[in-house]
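As structure tokens, the structure follows; a few thoughts come after it.
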Amino acid sequence: MTELFAALLDPDLPFLRYGLLTGLLASISFGIIGTFVVVRRISYLAGAISHCILAGIGGGLYLQTVAGISWFTPMQGAVIVALLSAVILAQVSRHAGQREDSIIGALWSGGMSIGYLFIAKTPGYFDPNSYLFGNILLITKQDIVFVAGLDIVILAVVGIFYNKLLALCFDEEYALLRGVRTQWLHLLLLCLTALTIVLLIRIVGIIMVIALLTLPAAIAGGFASSIRQMMLIATIVCAVFITAGLGASFYLDLPSGSVIILIATGAYLLSLAFGRSMGGKG
Amino acid sequence: MTEAAIAIRDLCFAYSPDIPVLSEVRLDVWPQDAACIVGPNGGGKTTLVKLILGLISPDNGSIRIYGQTPAAARRRIGYVPQYARYDACFPISALEVVCMARLGSTFSGRYSRQDKQAALDALDAVSLADLAKRPFTALSGGQRQRVLIARALASGGDILILDEPTASLDRESEQQLLGLLAELNKTMIVLMVTHEVGFSSTFFKRIICVNNKVYVHPTSALTGELIREMYGGDLQMIRHDHRCCPEGHQHD
């Protein structure tokens with residue numbers, strides 16, 4: 001344990017500090033948004049957004065390297081594409097009806113292909129693994145500011161529209177009948193989800209995002225009696241997973257993203273076995 | 001002659017152009033009316049309700065609710081969906097469910113003290129005040145149904161529309177529900193979608209049969225005036241011989 005603390009305080013190893021701090025701060029966003037994703041059952045939408053983000057990352061790299069737009073970073077590309085895919089998906093769920101899942105599947109893999117083609121056409125070696133599976137070495141001081149900012153935005157939006165978001169998730173049709181503009185609210189929720197996913201990708205990568213977004217909330221759902229409580233428990237659970245995962249990966253010299261996800265998955269299965277997840281029927 | 005609360009004229013609706021779900025519907029619902037909407041699956045019961053709620057728009061014809069469009073009159077309608085369609089693990093209290101009735105009055109959707117009081121009063125009206133803090137999903141089917149009725153009441157409308165509220169309720173809960181609806185019918189219009197005609201005819205004044213076209217049948221003796229009003233236009237009268245007696249009618 002002392003080794004870990006020493007490493008955390010070591011001025012030559014800022015990445016571990018940044019990684020942990022980002023993870024802890026991000027847990028707030030993950031816990032809140034993850035709860036909505038779980039109770040609204042839109043994890044497949046979150047999955048599509050996260051995979052589309054590779055198009056933004058690839059596009060960003062390409063523009064930066066080939067087109068010479070040096071101020072444009074892959075992360076900016078990721079944010080733009082994440083928001084764009086949120087807007088498209090909101091339209092898809094509104095108009096596509098029966099075909100919704102096929103269209104989402106097309107976006108899901110289409111986005112990834114575009115991203116990979118951009119990466120392939122960008123000269124020089126670039127390892128997409130760090131985006132696909134996460135890499136805390138990528139985390140910078142700037143990310144910490146970004147995460148803190150997103151936490152504030154999410155806390156504010158959810159604090160203001162809590163009742164409406166709750167109604168949207170519980171009974172969208174009834175919310176609409178009561179004069180709530182559910183389409184806009186759904187879009188807002190998807191955009192916040194998209195921004196949260198961009199953050200998550202730093203830590204666990206595109207492919208494993210869904211697990212860290214939904215598993216803490218799913219575990220919390222087994223114990224919470226209100227959405228507020230579910231968010232709080234999910235946040236704490238998520239922070240524990242990230243801390244434990246980073247610690248274990250440091251000691252065992254394993255990729256941090258995968259260790260975090262493995263801990264989350266194990267804990268979820270345990271909570272299903274012992275807890276009263278699935279509404280007490282688990 | 002009083003004005004119809006809900007007036008539907010020459011209404012046609014189809015989800016796809018060649019398969020009409022409803023055609024040439026003419027229907028009047030009067031103040032104090034209590035009617036149940038019956039018909040085979042796919043006959044258009046739910047579609048008719050969605051049209052009245054303004055969730056979908058008719059291809060042809062018109063719907064007026066107190067002279068307004070359905071979308072404009074939404075706040076006068078309390079809607080009770082089927083309780084079984086809710087997520088069985090959703091962490092929410094009965095009171096939070098009922099409070100949803102008061103959404104939409106402010107930008108952020110925050111509830112005022114009056115909103116909370118209205119929700120508690122509504123729960124009281126369905127005799128569930130002491131279960132306000134209970135998780136919605138921990139309640140029995142009948143209780144959940146009553147919570148949803150309380151939600152419809154808390155929105156303060158004068159038309160109550162229920163979608164198959166008796167589905168998967170036991171006999172006793174069903175009787176309780178019947179008593180509650182009879183009580184509410186003193187001040188509100190009650191429209192109920194059901195597939196159980198036997199249940200409906202003990203209390204309801206009329207049966208609205210929906211099977212592409214809409215026919216209205218009385219279930220018991222009607223006043224002369226109401227009959228005259230009902231017989232107007234292309235309404236067709238079919239006797240429901242098997243359940244037409246007014247016995248079992250409870251209005252206490």
Side-chain angles (χ1 to χ4, degrees), chain A residues 35-42 97-98 156-185 188 214 217-234 271-272 275-282, chain B residues 15-16 46 49-50 52-56 70-83 85-112 115-116 119 133-138 148 151-152 154-157 161 163:
Chain A
T35 296
F36 283 126
V37 168
V38 166
V39 295
R40 190 154 167 71
R41 297 174 182 242
I42 52 168
Q98 302 271 320
V157 170
V158 173
I160 293 169
F161 296 114
Y162 179 81
N163 290 333
K164 288 193 171 179
L165 286 166
L166 179 67
L168 176 79
C169 295
F170 181 71
D171 190 350
E172 178 172 359
E173 189 181 79
Y174 190 81
L176 179 69
L177 289 175
R178 291 313 345 139
V180 177
R181 302 178 73 173
T182 49
Q183 285 162 15
W184 290 105
L185 208 59
L188 179 69
T214 55
I219 293 170
F223 304 96
S225 60
S226 73
I227 293 290
R228 239 181 276 263
Q229 235 180 50
M230 190 168 161
M231 288 170 178
L232 185 69
I233 299 174
S271 87
L272 281 186
R276 45 184 191 90
S277 294
M278 313 300 290
K281 291 183 278 292
Chain B
Y15 288 104
S16 57
T46 306
V49 168
K50 284 187 174 174
I52 293 173
L53 292 170
L55 288 170
I56 48 178
R74 254 175 206 166
R75 287 174 171 273
R76 302 194 67 162
I77 301 178
Y79 173 53
V80 183
Q82 292 182 33
Y83 76 85
R85 71 171 207 198
Y86 293 101
D87 182 347
C89 344
F90 204 104
I92 189 167
S93 71
L95 183 61
E96 280 178 303
V97 173
V98 179
C99 274
M100 270 172 208
R102 314 291 293 186
L103 274 175
S105 51
T106 59
F107 174 68
S108 80
R110 283 189 172 272
Y111 302 130
S112 66
D115 291 334
K116 287 202 174 135
K133 298 281 178 197
R134 282 279 178 87
F136 180 68
T137 51
L148 295 179
R151 182 174 71 168
S155 60
I161 300 180
D163 192 0

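Below, all heavy atoms of this structure are taken into account, side chains as well, without hydrogens, waters or symmetry copies. In what follows, chains carry the letters A, B, and so on, assigned in the order in which the sequence lines appear, proteins first and then strands, with residues in each chain numbered from 1.
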>> Tell me the closest heavy-atom pair linking B:Pro91 and A:Ala224, and the distance in Å.
In response: CB-O, 3.6 Å
> Can you check whether B:Phe107's main-chain N or O pairs, donor with acceptor, with A:Lys164's side chain at less than 3.5 Å?
Replying inline: yes
> Do you know which two heavy atoms are closest between A:Arg178 and B:Ile77, and how far apart they sit?
Replying inline: NH1-O, 3.4 Å
>> The criterion is ring pair (Phe, Tyr, Trp, His ring centres under 6.0 Å); which residues satisfy it with A:Tyr162, sequence neighbours excluded?
In response: none
> For the candidates A:Arg181, A:Gln229, A:Arg41, A:Glu173, which exhibits the highest count of non-hydrogen atom pairs separated by less than 4.5 Å from chain B?
Replying inline: A:Glu173
> Sequence neighbours excluded, which residues qualify as side chain to side chain donor-acceptor pair (under 3.5 Å) partners of B:Arg151?
Replying inline: A:Asp171, B:Tyr86
> For the atom pair OG (A:Ser225) and CZ (B:Arg134), what is the distance rounded to the nearest 0.5 Å?
Replying inline: 12.5 Å
>> Out of A:Ile160, A:Leu177, A:Val39, return the one with the most heavy atom pairs under 4.5 angstrom to chain B.
In response: A:Leu177
>> What's the separation between atom OH in A:Tyr174 and atom CE in B:Met100, rounded to the nearest 0.5 Å?
In response: 9.0 Å
> Of the listed residues (B:Cys99, B:Ala101, B:Pro81), which shares the most heavy-atom pairs with chain A below a 4.5 Å separation?
Replying inline: B:Ala101
> Who wins among B:Thr137, B:Leu55, B:Val97 for the most heavy-atom pairs under 4.5 Å with chain A?
Replying inline: B:Leu55
>> Ignoring hydrogens, what is the shortest heavy-atom contact between B:Arg74 and A:Leu176? Give both atom names and the distance.
In response: NH1-O, 3.7 Å
>> Quick check: closest heavy atoms across A:Gly159 and B:Arg110, and the distance to 0.1 Å?
In response: O-NH2, 3.1 Å
> Which bit of B:Tyr111 is near chain A, if near means a heavy-atom gap under 4.5 Å: side chain, backbone, both or neither?
Replying inline: both
> Is chain B contacted by the side chain of A:Arg228, its backbone, both, or neither, given a heavy-atom distance below 4.5 Å?
Replying inline: neither
>> Under 4.5 Å from any heavy atom of chain B, what part of A:Leu165 do you find: side chain, backbone, both or neither?
In response: neither
>> What's the separation between atom CD1 in B:Ile92 and atom SG in A:Cys169, rounded to the nearest 0.5 Å?
In response: 9.5 Å
>> Can you tell me how far apart CG (B:Leu103) and CG (A:Asn163) are? Round to the nearest 0.5 Å.
In response: 6.0 Å
>> So for B:Ala138, is it side chain, backbone, both, or neither that comes closer than 4.5 Å to the heavy atoms of chain A?
In response: neither
> Is it the backbone or the side chain of B:Phe90 that comes under 4.5 Å from a heavy atom of chain A, or both, or neither?
Replying inline: side chain
